[in-house]
Amino acid sequence: MAAESVGQGLQQVALSTAFDVHFPALEVVLPLVAAPLCFLFRSRAFARILSAAVAWLTFGVALVLLQKVLAEGTVRYPLGGWAAPYGIEYRVTVAGAWVILVVSLVAALTLLFDSRGSASRLAPERRYLYYSAFLLCLAGLLGMAITGDLFNIFVFLEISSLSSYALIALGRDRRALMASYSYLIMGTIGGGFFMIGVGLLYQMTGTLNVEDMAQRLPAVLDTRTVLVGFAFLLVGLSIKLAVFPLHQWLPNAYTFAPPRVSAFLAGTATKVSYYVMAEVVFVLFGAHFVFTEIGLGAVLMPLSVAAMFVGSLAAIYQADLRRLLAYSSIGQLGYMTLGLSLANVEGLTSGLVHVFNHGVTKSGLFLVVACVGYRTGRTTVRSMAGLGTRMPATSLAFVIGGMSLIGVPGTAGFVSKWELIRGALAAERLWLAAVVLVSSLLAVVYVWRVVEMIYFGRPEGLESLGRDGEPVREAPFSMLLPTLILVAATVVFGLWSDPTLSVARSAAVELLGGAGG
Amino acid sequence: MSLLEALLVQRGLWVYWAIITLMMIGLYGVIARDHLVKKVMGLNVFQSSAILLYVAIGKVRGGTAAILLEGEENVLYSNPLPHVLMLTAIVVGIATTALALALTVRIQEAYGTLEEDELARLRVREDEEEAALDPHPFDPPGEPEDVEYPEVKVGGGAGGAGV
Amino acid sequence: MSAVGTLLAELFAEPGSGWIAAGLLLPVGAALLVALLGWVARSANLRDGATVVVGVASAATVLRLWGPVSSGERPRWLLWSFAPGGHLEFVVEPLGLVFATVASVLWVVTSVYAFGYMRGHHEEHQTRFFCCFAIAIGAAIGVAFAGNLLTLFLFYELLTFSTFPLVTHHQTTAARRAGRVYFGILLSTSVGLFLLAIVWTWWLTGTTDFRPGGILAGTSPGVLVALLLLYGYGIGKAALMPAHLWLPAAMVAPTPVSALLHAVAVVKAGVFSVLKVVTMIFGVDTLRGAMDRVAWGDVLIWIGCFTVLSASIVALRQDNLKRRLAYSTIGQLAYIVLGAAVASQIAAQGAALHIVTHAVGKITLFFCAGAIYVGAHKTEISTMRGIGWRMPFTMGAFFVGSLSIIGLPPLAGAWSKWGLILGASQAGEWLVVATLAASSLLSVGYLLPVVLQAFAPRQGGAAGGEDAGVQEAPLLCVVPLCLTALLCVVLFFWPTPFTDLLSGFAGGPP
Amino acid sequence: MAATETHAQYVMGETVRLLDGPLQALLHPALPLLVAGVVAALAPPRLRKALLVLAPLWGAWNLLGFTSGDLVSAELAGFELILLRVDKLAFLFALLFHLAALLAGIYALHSDDRMQQVAGLLYAGSAVGAVFAGDLLVLFFFWELLAITSVFLIWARRETASTRSGLRYLLVHIASGVLLLIGAALHWIEFGTLVFERMDLGSAASWVLLLAIGIKCCFPLLHTWLVDAYPAATELGTVYLASFTTKTAVYALARGYEGCEPLIWIGMAMAMFPIFYAVIENDLRRVLGYSMINQIGFMVCGVGLGAGLGVNGAVAHAFNDVIFKGLLFMSMGAVLLRTGRINGSELGGLYKTMPQTAGLCMVGAASISAFPLFSGFVSKSMVMTEAAHEGYVVVWLALLFASAGVFHHAGIKIPFFAFFAHDSGLRPKEAPLNMRVAMGIAALLCIAIGCFPNALYALLPYATDYHPYDTTHVVQQLQLLFFSALAFVTLMLTGIYPPELRSTNLDVDWFARRAAPRTLRVLAAVGGAIWYGVLAGLADVLKVVRSVVRWLHSPAGRLGEPWPTGTTVFWAATLLGLLLLFSYLGSAL
């Protein structure tokens with residue numbers, strides 16, 4: 001079976017002389033090459049343009065890849081011509097293509113965002129380093145989703161993580177340093193766990209290729225080594241995924257990172273880990289083993305529910321908008337892992353579609369906060385006071401993004417929530433559906449708090465003045481544009497959810513019907 | 001098969017026990033030490049344990065290094081792949097350590113301390129200063145008090161310098 | 001561009017869908033026009049003129065659909081796929097058409113009244129006000145024409161959002177607090193319960209389409225009753241106790257909004273949804289069967305009866321006129337919920353008719369309350385002694401509206417009360433019959449004292465005294481309220497269009 | 001004037017009917033009065049006054065164009081409604097109402113009060129509409145219209161007490177209307193029709209409808225609205241009120257419950273119990289109110305006795321009662337108008353300056369007491385005869401007692417206390433001319449009917465060959481009256497006659513006026529207390545929840561603050577351990 005598919009892969013490579021065969025590699029190579037280029041040229045303007053261009057290119061490639069995957073099934077690309085399972089194989093599944101689409105889209109739009117001056121603690125002449133790190137991070141995230149080799153996943157994971165630690169530490173507030181450090185420790189432990197898990201599995205199967213391993217695992221599933229390996233993999237990924245109670249690195253990291261980094265990471269980092277976890281659970285081990293034999297659902301489901309509540313409740317009390325959004329992310333990740341823990345098509349579909357919906361929404365909201373911060377000089381909830389009239393477009397963008405977080409119909413958030421509830425019902429868990437809905441009411445509270453501040457708050461004294469002592473006015477177009485695109489996307493894909501849902505569904509079907517088990 | 005049996009009976013597992021012990025030591029360092037550099041050291045120990053695991057996996061009893069010798073047939077090689085992988089892992093580990101240490105330097109510059117509980121206290125104070133500017137979400141919406149907003153000190157003493 | 005072309009082609013491919021689109025989009029267009037004229041052109045007269053013109057056009061569009069619908073057609077418009085299996089689709093059927101007619105026709109009247117009120121009162125932010133007003137009406141029409149639960153839910157929420165700025169129009173602390181209650185209750189019920197019920201329905205049946213005779217046949221009775229309860233409370237706009245709290249809270253809004261909220265758009269969208277769910281998701285026969293087989297099958301009826309009675313008793317004790325009317329509305333809405341919960345075709349028709357008659361009657365009362373505020377600057381009933389002599393038209397209309405709410409001939413309310421009583425009797429729900437009877441008396445008790453107070457004999461001579469400075473409100477206020485009062489009378493003598501259209505709407509598949 | 005019924009054509013509810021003869025079109029009999037009422041609402045005083053007199057005449061002229069069997073139906077709101085159904089019973093009542101409207105109209109000419117005049121016309125029109133209603137729904141419409149229009153006659157007094165009284169009155173009548181509506185609904189469900197015909201007690205509908213009619217008819221315990229409201233109305237209002245509401249109810253009873261035995265006993269009770277209240281009552285109009293219940297008792301009894309003489313007696317007595325009771329109320333109204341007082345204890349000696357009124361009042365008193373040659377005699381005896389004839393001896397005796405009682409309080413007490421008795425010192429002017437004319441016509445009618453009863457008998461629903469003036473009847477009645485008078489005189493002279501109480505009598509009224517509001521108030525208070533208690537409890541619970549949540553999740557709380565790095569690592573290790581344990585156990589099992 002594996003040999004056949006490998007043969008087919010080779011055949012494809014042999015037969016097709018078209019360039020798009022190399023797209024899977026290109027997707028990773030582009031940012032990976034661009035990163036040192038930025039470093040070499042040492043020009044901020046060049047770096048900025050190059051990174052944006054690369055991001056948009058990867059987005060285009062991701063689009064093509066997704067279309068191709070949907071049309072032809074899994075796209076395989078043996079790296080360096082070494083066929084799997086011996087060489088490293090890039091393997092684009094529907095889910096993978098879906099995730100890289102989200103990652104590259106968010107990257108492209110956040111790089112389009114003109115983060116003037118306020119971006120980082122880097123001196124202006126050294127800001128090219130920022131783009132370098134950014135591109136590395138992008139490459140790492142894309143690589144994780146594309147590669148079909150477990151150890152390769154670890155490598156890309158570390159690439160993205162290391163660059164994101166650096167990026168976070170660039171935040172202007174000195175608290176960013178501690179946040180980055182904390183994330184570093186957690187991330188490294190998570191990565192280490194992942195690596196150990198991979199090692200143990202390799203020990204039992206002798207392969208690192210995901211599909212190959214999936215073929216071989218069933219024979220040794222009842223050995224304790226595999227169980228231990230599975231536990232390591234899962235906990236390692238849970239750390240990266242900020243599953244409750246391993247979520248505490250996230251709020252500060254997102255809060256104190258430079259604005260664009262917050263927006264980018266919030267929309268992508270955890271999403272990719274989510275994809276990897278789904279692949280490990282469903283493709284590598286198979287739903288039957290994970291949920292029926294081990295009963296992971298009994299662990300993951302309560303943790304997800306706890307995350308939904310803890311994240312949302314903590315968000316209610318936050319004074320800082322970014323931290324509010326970060327805690328909200330923890331809650332939203334709870335929805336995604338809950339969908340995964342349901343282990344049915346609807347649940348997984350909801351998780352995967354939320355990858356897109358939440359990615360777009362949360363990035364948009366972080367960009368909104370960046371706009372507010374740029375004009376008012378602060379990012380507290382209080383700083384939104386009375387912005388309804390002074391920054392109407394930005395305010396409206398927040399309201400719409402907030403609605404998506406709540407899951408108001410007509411926004412993207414609703415679509416995922418709808419699917420999640422269907423998943424809960426399909427798993428015959430009505431109470432879970434109710435819990436999901438109740439928890440989304442908590443989102444109403446923290447979103448509404450801000451909305452009230454926007455439209456009812458009365459700025460007093462210094463508050464009515466912005467960062468430079470000038471009256472606060474609408475954010476510049478170059479900042480507003482990507483923000484509004486992201487926010488508009490939440491509405492567009494809230495109303496026109498057919499494409500997102502159908503891709504997510506075929507990804508879910510593919511994952512669930514995957515090998516192993 | 002109980003743990004005790006596993007421990008006593010199955011020979012050859014001592015390596016794994018060593019690895020586990022090493023890992024636990026590393027994790028203990030990260031968990032229990034307040035000093036940031038000590039945490040990094042713990043992290044390094046933890047990483048070493050992972051690397052050792054891979055090396056142990058690759059070891060074939062009686063095998064030699066995977067070097068192709070001219071004319072020799074039927075040589076028992078150790079599995080080279082885990083060793084190769086560990087080269088990458090070591091690189092990653094070094095990068096991590098370097099970054100972590102760089103961060104500790106910055107933290108020391110910004111706060112003047114590397115004790116985590118001390119840092120947490122400082123951070124909490126900063127958080128609270130910020131929160132004080134914000135009415136509590138559930139406080140009844142009254143007329144906002146007339147507060148003067150102090151300039152929030154951004155970035156401690158080391159704003160603007162490069163990495 | 002081709003997408004637009006395709007859309008247009010689709011739009012007019014099916015008969016009637018163009019009119020549906022027009023009915024929905026005209027209010028949206030009005031909102032845009034109002035925004036344009038108000039904020040860009042800065043002309044209040046043009047802006048208000050545009051509202052009326054588009055309003056009339058919108059009402060005409062809706063009325064245009066009467067012909068096809070009464071001849072048995074069900075014009076539909078599939079806008080787009082909302083989610084796989086769920087579509088943004090509109091289907092015009094009698095009940096929805098009736099609601100849409102009420103909303104769009106009364107919109108025009110309310111707009112005219114609002115001009116008088118807002119200008120007479122020198123309110124600020126009038127452009128925003130009329131803009132949201134138009135969107136709210138568009139949302140109400142969307143609710144009315146929704147072809148499935150998802151579409152209905154979408155517009156239901158849009159209605160909540162678009163009316164929020166209206167409720168909190170004054171942007172004061174009180175408005176903000178009321179806004180929290182309004183929004184909190186409406187959103188939490190709809191998201192927490194209504195949505196759950198919708199998903200459950202979908203899960204049970206695989207569809208959320210409204211179909212004559214319902215889609216839930218064959219579901220176990222216990223589940224049906226639980227679902228009914230979920231819908232009953234999930235549709236918070238129907239204001240069943242204790243989910244009613246938003247309604248008195250929303251009284252901080254300017255009076256035209258109260259009129260819109262409590263007579264036309266919001267509350268009626270709620271009870272309309274309940275009615276539509278009962279008739280076209282459950283199916284009255286299915287529901288009846290389930291209620292008879294479950295011990296607590298009548299639970300929604302008990303709640304409804306409790307709501308009617310306690311709201312009426314509370315209304316008796318309110319001194320603030322708008323609050324009293326708000327509690328009256330809560331009671332009257334529960335009539336409609338009861339009409340639905342009784343699960344008989346006749347009661348459903350009575351309830352549907354009550355949507356119309358109560359709308360006309362209650363909007364009159366609210367108009368009057370506003371006119372009193374504009375003309376006499378009074379909000380408390382105890383201070384209204386003798387004002388009727390100075391504002392005879394307003395208080396006369398109030399009397400007419402009151403009688404209609406009480407359900408006395410020759411006013412429209414009598415017909416719907418008759419339908420409800422007939423339906424409840426047919427279903428053997430004596431509790432409902434008794435409640436309706438008691439409520440009629442209680443409504444006499446809380447509405448007529450207002451009139452009596454207004455027409456109380458003057459003390460200390462005709463000149464001077466308490467009512468000095470009281471005068472009729474501006475013509476733009478008085479004419480609409482006289483018009484709606486007149487409508488109460490007209491609908492008594494000529495209810496036939498509505499009753500004909502509604503006859504058998506709750507029945508099985510045609 | 002006979003219409004060719006075969007070719008009668010009607011257009012919808014507007015009842016255009018083609019007739020041969022001088023009349024080309026007829027209106028629904030209720031319309032002339034209703035239209036006049038609406039016109040009067042907008043008309044200047046002079047025109048209004050003209051309408052007061054002309055509208056009943058026009059209406060009567062219009063009415064005479066109809067004959068038994070005429071039917072107008074229309075479809076409204078999906079129901080086939082019979083707007084008009086003419087038969088002898090309805091016709092007689094309609095005629096009576098026009099007569100009453102005319103008398104009251106003349107009586108009202110001196111007034112300029114638009115409210116009363118308009119309400120009076122509409123009220124009369126509603127009553128006419130009600131008796132021609134062919135089905136229960138139309139009956140309900142007019143039934144409620146009666147209530148709404150009449151209440152203005154009470155409110156027109158423009159005093160706080162009368163306003164309250166009017167509201168109570170309206171509540172009772174709307175209750176009656178709602179019951180009628182419920183009854184109609186039940187009737188439709190039970191019999192599939194709304195047509196208002198005779199029904200047998202037994203079905204739910206019949207009981208509910210009986211209750212609805214009973215309220216308007218002042219059945220015992222349901223009667224309080226009458227003695228509460230009638231004295232509260234204006235002098236003019238009471239005259240209107242006395243004519244229509246209860247008579248409409250009697251009509252409905254005769255239509256629906258002819259020959260229902262329970263009615264005999266109910267009627268008996270009604271005839272008897274008010275006497276005791278009437279004796280101790282001070283307000284002379286309230287005394288008349290009680291006597292009205294007593295008279296209705298005769299009618300109800302008659303209806304209960306059934307077809308033939310019983311119903312004939314009831315209807316005839318209703319006819320007479322409207323005239324003589326109207327006359328009495330008119331005279332009391334004149335007294336009230338001229339003196340501003342109506343309590344027996346404050347009046348007396350008015351005959352000196354109001355001799356004509358006093359005289360006319362005496363005629364009314366004689367009629368109500370059923371003196372031979374006065375109208376009461378020719379109808380009341382019908383009922384009693386029928387009761388005796390049917391073998392209801394107890395009933396007969398009770399009615400006899402009631403007759404004596406009536407004479408006592410209405411026949412003697414009213415004129416005596418108002419016009420004679422001790423001189424109160426009041427010297428009011430004689431009543432206005434229009435009042436005297438109205439009273440004169442009424443008195444004339446009393447005597448005319450008393451002397452020539454056959455004209456009335458001809459109009460009755462059943463053919464009759466009843467002769468009131470036989471020796472037995474006359475002698476028996478005269479004996480009764482004289483002994484009754486003797487008792488009154490004796491009581492007065494010995495001072496045993498119960499003194500008039502200045503307070504208001506509350507009989508079962510207490511339930512409506514004291515108990516019900518109190519109950520409501522207590523209910524509201526208890527409900528409110530529970531509600532606020534629950535709210536407060538909820539608020540407390542919420543407060544606790546909120547503080548727990550805040551304690552956990554606020555930035556200072558355990559779950560809301562960023563943990564130290566070590567803690568998260570610890571959790572990671574713990575989770576790993578747990579997972580290992582879990583999967584170990586899971587796989588071991």
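Numbered from 1 within each chain, the chains take letters A, B, ... in sequence-line order.
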Begin with the C-alpha distance, continue with both residues' side-chain angles, and end with the deciding distance and a verdict on side-chain contact (heavy atoms from CB on, under 4.5 Å) for B:E116 and A:M178. CA-CA 9 Å; B:E116 198 184 12; A:M178 241 344 257; 3.8 Å; yes
Using non-hydrogen atoms only, which part of [X] is less than 4.5 Å away from chain A: side chain, backbone, both, or neither?
X	result
B:I107	both
B:L43	side chain
B:T96	both
B:L85	both
B:V40	both

Taking every heavy-atom pair that is under 4.5 Å apart, which of [options] has the most such pairs with chain A?
options	result
B:N79, B:I19, B:L36	B:L36
B:V91, B:L122, B:L81	B:L81
B:A120, B:A50, B:S49, B:G58	B:A50

B:R123 vs B:E126, test: salt bridge (Lys or Arg N to Asp or Glu O under 4.0 Å). Steps then yes/no. CA-CA 5 Å; B:R123 179 190 55 72; B:E126 273 177 79; over 6 Å; no
Does A:F156 have any side-chain contact (heavy atoms from CB on, under 4.5 Å) partners at least two apart in sequence or in another chain, and if so, which?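 A:F156 satisfies side-chain contact (heavy atoms from CB on, under 4.5 Å) with A:V28, A:Y90, A:M144, A:T147, A:N152, A:I159 only.
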Is the ring pair A:F232/A:F193 parallel, tilted or perpendicular, if the boundaries are 30 and 60 degrees?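 A:F232 and A:F193: perpendicular rings.
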Chain A contact residues among residues 21-31 of chain B, heavy-atom distance under 4.5 Å: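 So far as heavy atoms go, B:M23, B:L27, B:V30 are the residues that approach chain A to under 4.5 Å.
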In this structure, are over 12 heavy atoms from other groups packed under 6.0 Å from B:M41 atom CE?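 Not more than 12 within 6.0 Å, no.
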Atom OH in B:Y16, atom CG in B:L52: separation rounded to 0.5 Å?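 With rounding to 0.5 Å, OH (B:Y16) is 11.5 Å from CG (B:L52).
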Dump the intermediate steps for side chain to side chain donor-acceptor pair (under 3.5 Å) on B:K39 and B:T104, then the final yes or no. CA-CA 11 Å; B:K39 277 186 194 291; B:T104 52; over 6 Å; no
Which portion of A:F151 sits near chain B, non-hydrogen atoms under 4.5 angstrom: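 Interface part for A:F151: side chain.
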Could you tell me whether a side-chain N or O of A:R175 sits under 3.5 Å from a main-chain N or O of A:N252, the two making a donor and an acceptor?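 Side chain of A:R175 to backbone of A:N252, a donor-acceptor pair under 3.5 Å: no, none is there.
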Before we go on, tell me: are the rings of A:Y131 and A:Y128 under 6.0 Å apart, centre to centre?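 A:Y131 vs A:Y128: aromatic centres not under 6.0 Å.
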Using side-chain contact (heavy atoms from CB on, under 4.5 Å), reason through A:L129 and A:F39 one step at a time and then give a plain yes or no. CA-CA 6 Å; A:L129 288 169; A:F39 185 75; 3.5 Å; yes
